[in-house]
Amino acid sequence: MSFTKKELYELGNKYKKFIEKMEVNPYAYIKNDIPYYFVLYKTRITGTEKGFAIISPRSEDHRASVDAFIAQCKFVLTENNIKNNSNRKKVKLESHKKVKDYLETVLNKEFLESEQNKIYQRAFETIECMFKLQMEFNNVWESANNLINRVIEQEYFTNKELEELLDYIPTLNLIQYKQLYRRYHYCEDFDYIYENRHQIKKVSPLI
């Protein structure tokens, strides 16, 4: 299904001006067994983007080219979105681990009044939930990244891969929202625990 660089550059040259250079997207969008490639045109010296085109060695249908352009844009934008989220995957939770261990120790060793126990238990569950959600985020991100790598390796994608990739974005966003919402919603619990830290007798305070 793939074509040589020479074939693709010959097709892309039809729309290239003399002072321009071009870049052909390495993977094609496949629809009805026909491949469509995205081509970007830039100035030779400054690299300023000047235009784009959709080329296909097997089709010149304008409507199909428009559909291919939309699909290529969606895929690239979503790919960039997921790649940019890689830093979120690397979030370090060492400080949260210390808080989690502290809260767990307090709950196990300290005698707490009923309302106090609820606050410490809720705070512990909030931190624990953060760890679980972070693991879920990492797993979803890895699945999305594997899909991108598979497309790059096979040098094409279809509507099936595109829809699958698009579905990852709201999933990742929802996981992050859940993490932030619970911390914000129960922030007063942590304020109370900080202010009450010296009243805890059997466990050394973190600060």
Side-chain angles (χ1 to χ4, degrees), residues 1-91 132-180:
M1 185 63 73
S2 60
F3 296 86
T4 65
K5 283 187 177 180
K6 182 180 178 182
E7 290 175 300
L8 295 175
Y9 272 81
E10 285 177 354
L11 282 170
N13 268 326
K14 293 195 300 183
Y15 311 103
K16 184 174 76 70
K17 296 178 181 178
F18 177 74
I19 58 171
E20 293 176 345
K21 60 182 179 180
M22 65 179 176
E23 297 175 1
V24 180
N25 203 6
Y27 44 82
Y29 167 64
I30 304 290
K31 186 174 183 180
N32 298 326
D33 292 325
I34 297 174
Y36 298 88
Y37 292 84
F38 182 88
V39 183
L40 184 63
Y41 298 95
K42 299 180 177 181
T43 56
R44 290 183 183 275
I45 299 175
T46 63
T48 303
E49 295 179 5
K50 301 298 291 183
F52 56 85
I54 294 293
I55 59 174
S56 174
R58 292 174 50 188
S59 174
E60 293 185 358
D61 182 82
H62 176 72
R63 182 65 253 176
S65 294
V66 171
D67 291 341
F69 171 72
I70 294 171
Q72 285 275 9
C73 286
K74 283 182 178 180
F75 193 95
V76 171
L77 290 172
T78 307
E79 176 188 2
N80 289 340
N81 191 320
I82 289 168
K83 293 292 186 183
N84 290 338
N85 258 317
S86 62
N87 288 335
R88 184 68 185 81
K89 177 180 173 289
K90 299 173 186 175
V91 167
K132 291 179 180 178
L133 288 170
Q134 186 61 45
M135 185 176 295
E136 183 182 350
F137 181 95
N138 292 351
N139 291 336
V140 172
W141 189 92
E142 285 292 348
S143 296
N145 194 51
N146 288 340
L147 172 58
I148 292 168
N149 290 336
R150 188 171 76 241
V151 166
I152 293 172
E153 184 178 345
Q154 69 190 18
E155 298 184 343
Y156 71 86
F157 69 94
T158 64
N159 278 330
K160 180 178 179 294
E161 282 97 356
L162 176 59
E163 292 303 320
E164 185 179 346
L165 190 67
L166 289 170
D167 284 343
Y168 281 115
I169 298 300
T171 302
L172 291 170
N173 289 341
L174 179 60
I175 293 170
Q176 292 184 80
Y177 170 77
K178 286 179 178 178
Q179 281 186 313
L180 294 171

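FYI, side chains are in, hydrogens and waters are out, and symmetry mates aren't considered; it's all heavy atoms of this structure. Keep in mind that this is a model prediction, so the values were computed, not measured.
Of the inter-residue distances, the one linking Ile34 atom CD1 with Asp61 atom CG reads 8.0 Å to the nearest 0.5 angstrom. Here the straight-line distance linking atom CD of Glu79 with atom CD1 of Ile152 works out to 5.0 Å at 0.5 Å rounding. Taken to the nearest 0.5 Å, the NZ atom of Lys83 stands 12.0 Å off from the CG atom of Asn85. Summarising the geometry, atom CD belonging to Gln72 is positioned 11.5 Å from atom CG belonging to Leu40; distances are rounded to the nearest 0.5 Å. Of the inter-residue distances, the one linking Tyr27 atom OH with Phe38 atom CZ reads 10.5 Å to the nearest 0.5 angstrom. Annotation: the span from Glu136 atom CD to Lys178 atom NZ amounts to 6.0 Å, rounded to 0.5 Å.
Without hydrogens or angle criteria, Ser143 side chain to Asn139 main chain gives a donor-acceptor distance under 3.5 Å. The backbone N or O of Leu172 sits nowhere less than 3.5 Å from a side-chain atom of Trp141 that would complete a donor-acceptor pair. Between the side chain of Asn81 and the main chain of Leu77, no donor-acceptor pair closer than 3.5 Å is present.
With no hydrogens or angles considered, a side-chain donor-acceptor pair links Asn138 and Gln134 at under 3.5 Å.
Between Glu20 and Lys42 the shortest side-chain heavy-atom distance does not fall below 4.5 Å. Counting heavy atoms from C-beta on, the side chains of Arg88 and Phe137 come closer than 4.5 Å.
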Can you give the donor-acceptor pairs under 3.5 Å from side chains of residues 49-57 to other protein atoms, not counting sequence neighbours?
| unit_1 | atom_1 | unit_2 | atom_2 | d |
| --- | --- | --- | --- | --- |
| Ser56 | OG | Pro35 | O | 2.6 |
| Ser56 | OG | Arg58 | N | 3.2 |
| Ser56 | OG | Ser59 | N | 3.3 |

Side chains of residues 157-170: which donor-acceptor pairs under 3.5 Å do they make with residues two or more places apart or in other chains?
| unit_1 | atom_1 | unit_2 | atom_2 | d |
| --- | --- | --- | --- | --- |
| Thr158 | OG1 | Lys160 | N | 3.3 |
| Thr158 | OG1 | Glu161 | OE1 | 2.4 |
| Asn159 | OD1 | Tyr29 | OH | 2.9 |
| Asn159 | ND2 | Tyr29 | OH | 3.3 |
| Glu161 | OE1 | Thr158 | N | 2.8 |
| Glu161 | OE2 | Gln154 | NE2 | 3.4 |

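Shown here is Asn32, whose CG atom has no more than 12 heavy atoms of other residues, nucleotides or ligands within 6.0 Å.
Considering all non-hydrogen atoms of both residues, Val76 and Asn25 come closest at CG2-ND2, 4.1 Å. Nearest heavy atoms, Tyr37 versus Pro26: CE2-O, 4.4 Å.
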Derivation of the side-chain contact (heavy atoms from CB on, under 4.5 Å) call for Leu8 and Val39:
CA-CA 9 Å; Leu8 295 175; Val39 183; over 6 Å; no
